[in-house]
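Accompanying notes for the structure given below.
Order of the sequence lines sets the chain letters (A, B, ...), proteins ahead of strands, with each chain counted from 1. All values below come from the heavy atoms of this structure, side chains included, with hydrogens, waters and symmetry mates left out.
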2 protein chains.
Amino acid sequence: MNLEHAEPEGRGGPLIAIGGAEDKLRDRQILRRFVAEAGGANARIVIIPTASQLDDTGDRYARIFHALSADETHVIQIQSREEALDPEAETLEAMEDASGIFISGGNQLRLSTLLGGTPLAAVLFRKHAAGAVVAGTSAGAALLAEHMIAFGQSGPSPSHKMVTLAPGLGLTHDVIIDQHFRQRDRLGRLLMALCYNPRLVGLGVDEDAAAIIDADRIVHVIGNGSVTVVDASQCRWTNADDVVTHGPIGVFGVKLDVLSPGCRYDLATRMAEPSRRMEGKPT
Amino acid sequence: MNLEHAEPEGRGGPLIAIGGAEDKLRDRQILRRFVAEAGGANARIVIIPTASQLDDTGDRYARIFHALSADETHVIQIQSREEALDPEAETLEAMEDASGIFISGGNQLRLSTLLGGTPLAAVLFRKHAAGAVVAGTSAGAALLAEHMIAFGQSGPSPSHKMVTLAPGLGLTHDVIIDQHFRQRDRLGRLLMALCYNPRLVGLGVDEDAAAIIDADRIVHVIGNGSVTVVDASQCRWTNADDVVTHGPIGVFGVKLDVLSPGCRYDLATRMAEPSRRMEGKPT
């Protein structure tokens, strides 16, 4: 059986990395945007609640997406690797037909250990490459990229062994995503992950905020929180490679861009662009 | 500055992942093969001894490659991230001109933290995509893939937190490479890494053995040791996601293929092929 990931053909769909605790009751800006990207009233949405241990996580999102005009939703109930290896025909068909895929919060390692290398993950990968939007909130956001923060400790500055990385879905190779960023004080663990190899860009996504990564590798920020972009590629020194050390790690010359809603960031040039000034507000 | 990795165009060069302690004195089969893949007498070889703390590592390899008929060798002396960010013109030119790149052993985290996201790494990536052979021994082998085992503990069975992953060079997305495999009893840490996301294939390379990954994604084994291929994609259960656990981790249904020299493995189909029977030996 060939479980390889096909190389993307054409333009991939957008990725929506949500920092968790997104508004589900009021204007639901982030979830509304997901439905719009999936085709609005014509959206065919698959919901993957596998990361969560709560029974009604999938149905709750289905009700919200219905309320936001998406008629067709399908909750994929995968609770074991055995089910992911031999999914019901109906499940695979729903994934094959999806225009939008939504991955809930919970434990991201549960997602990667249950879904990694399965036919279901291979179809998801292929659908995204063909243009479907993929959104994840909290654990679901962490899973989107090639390198996923599996777990770690809180705190503003990096220290040894404070972060554990694992392979994620691999829908983007540009970034490492962290979530609940401001609320759980996660700059330190994101810096630690980036020190290991400063090639990647860190995206720290606050609660009720989302980073939308489009096919042109532009990050767009929406919601009611910020996205902190961490670029360590120009850092001139770190002792992160000193594996006999315990405790704090130094790193010089990291660039932070804090993107409020409406701001953009170009992953190719590594330049941030301001939000457009709203009319009628004091200048 | 655009530090992104260009997408490979055309066929990439071979990767040679050496398990460390390769023969440097007798027939030097593995190093000889590297020189041949780089063009033999026409080879233009760049040696990166950055992982090593020994002063003469680079020059020692240069002498061996000369003895194996490669006239043109260049040792890149990068000992800090500052040097990797602003390499001498001569260094960048040598990398641009290389037909073969050899990465020595030492500490693989030193390689990824010093070189990750630098112009030097970007040129290396591009040269490989354009056909140059890239070989790494020990730490240099670990660095080749997208997911690198940064450090970990010995032992035959997986247990929690026994392995730390970091982003590597990303010259292949198919495998996680471990080295000194039999000699340092590393099946447990490789299994642990694969449990995190069973999508990838593990290559455990013994000392004085090498796994050559060609552009068709076929692994060829040479040298005087074996390569253990670990495929966890069909595993039906693991509790690797149970992050509150300490101690042993279970995983059911992992496939092992132990490849002796001459054997091959197809990363696309995940099938091993036997070595051809040598004539004149008892059958």
Does [X] use its side chain to pair, donor to acceptor, with the backbone of [Y] at less than 3.5 Å?
X         : Y         : answer
Asn197(A) : Thr113(B) : no
Arg199(A) : Ala121(B) : no
Asn107(B) : Asp241(A) : yes

Does any heavy atom of chain B fall under 4.5 Å from the side chain of Ala232(A), the backbone, both, or neither of them?
backbone
Relative to chain B, which segment of Leu111(A) carries a heavy atom at a distance below 4.5 Å: side chain, backbone, both, or neither?
neither
Taking [atom1] in [X] as the centre, count heavy atoms belonging to other residues, nucleotides or ligands within less than 6.0 Å. Is the count above 12?
X         : atom1 : answer
Gln153(B) : CD    : yes
Glu88(B)  : CD    : no
Asp216(A) : CG    : yes

Kindly indicate whether the side chain of [X], heavy atoms from C-beta on, has any atom under 4.5 Å from the side chain of [Y].
X         : Y         : value
Lys161(A) : Phe151(B) : yes
Tyr196(A) : Leu165(B) : no
Ser233(B) : Leu85(A)  : no

Among residues at least two apart in sequence or on other chains, which ones pass side chain to side chain donor-acceptor pair (under 3.5 Å) with His173(A)?
Glu146(A), His173(B)
Set of side chain to side chain donor-acceptor pair (under 3.5 Å) partners for Asp257(B), sequence neighbours left out:
none
How long is the span from the CG atom in Leu109(B) to the CG atom in Asn239(A), to the nearest 0.5 Å?
11.5 Å
Plane angle bin for His147(B) and His147(A) - parallel if under 30°, tilted between 30 and 60°, otherwise perpendicular:
tilted
After noting the C-alpha distance and the side-chain angles of Arg236(A) and Asp86(B), does the key distance pass the side chain to side chain contact (heavy atoms under 4.5 Å, CB included) rule?
CA-CA 10 Å; Arg236(A) 303 193 80 78; Asp86(B) 298 312; 2.7 Å; yes
Heavy-atom distance under 4.5 Å to chain A: side chain of [X], backbone, both or neither?
X         : result
Asp266(B) : neither
Ala150(B) : neither
Leu200(B) : side chain

Contact winner vs chain B - Gly253(A), Cys235(A), Ser80(A), heavy-atom pairs under 4.5 Å
Cys235(A)
Please rank Cys195(A), Pro198(A), Ala166(A) by heavy-atom pairs under 4.5 Å with chain B and give me the top one.
Pro198(A)
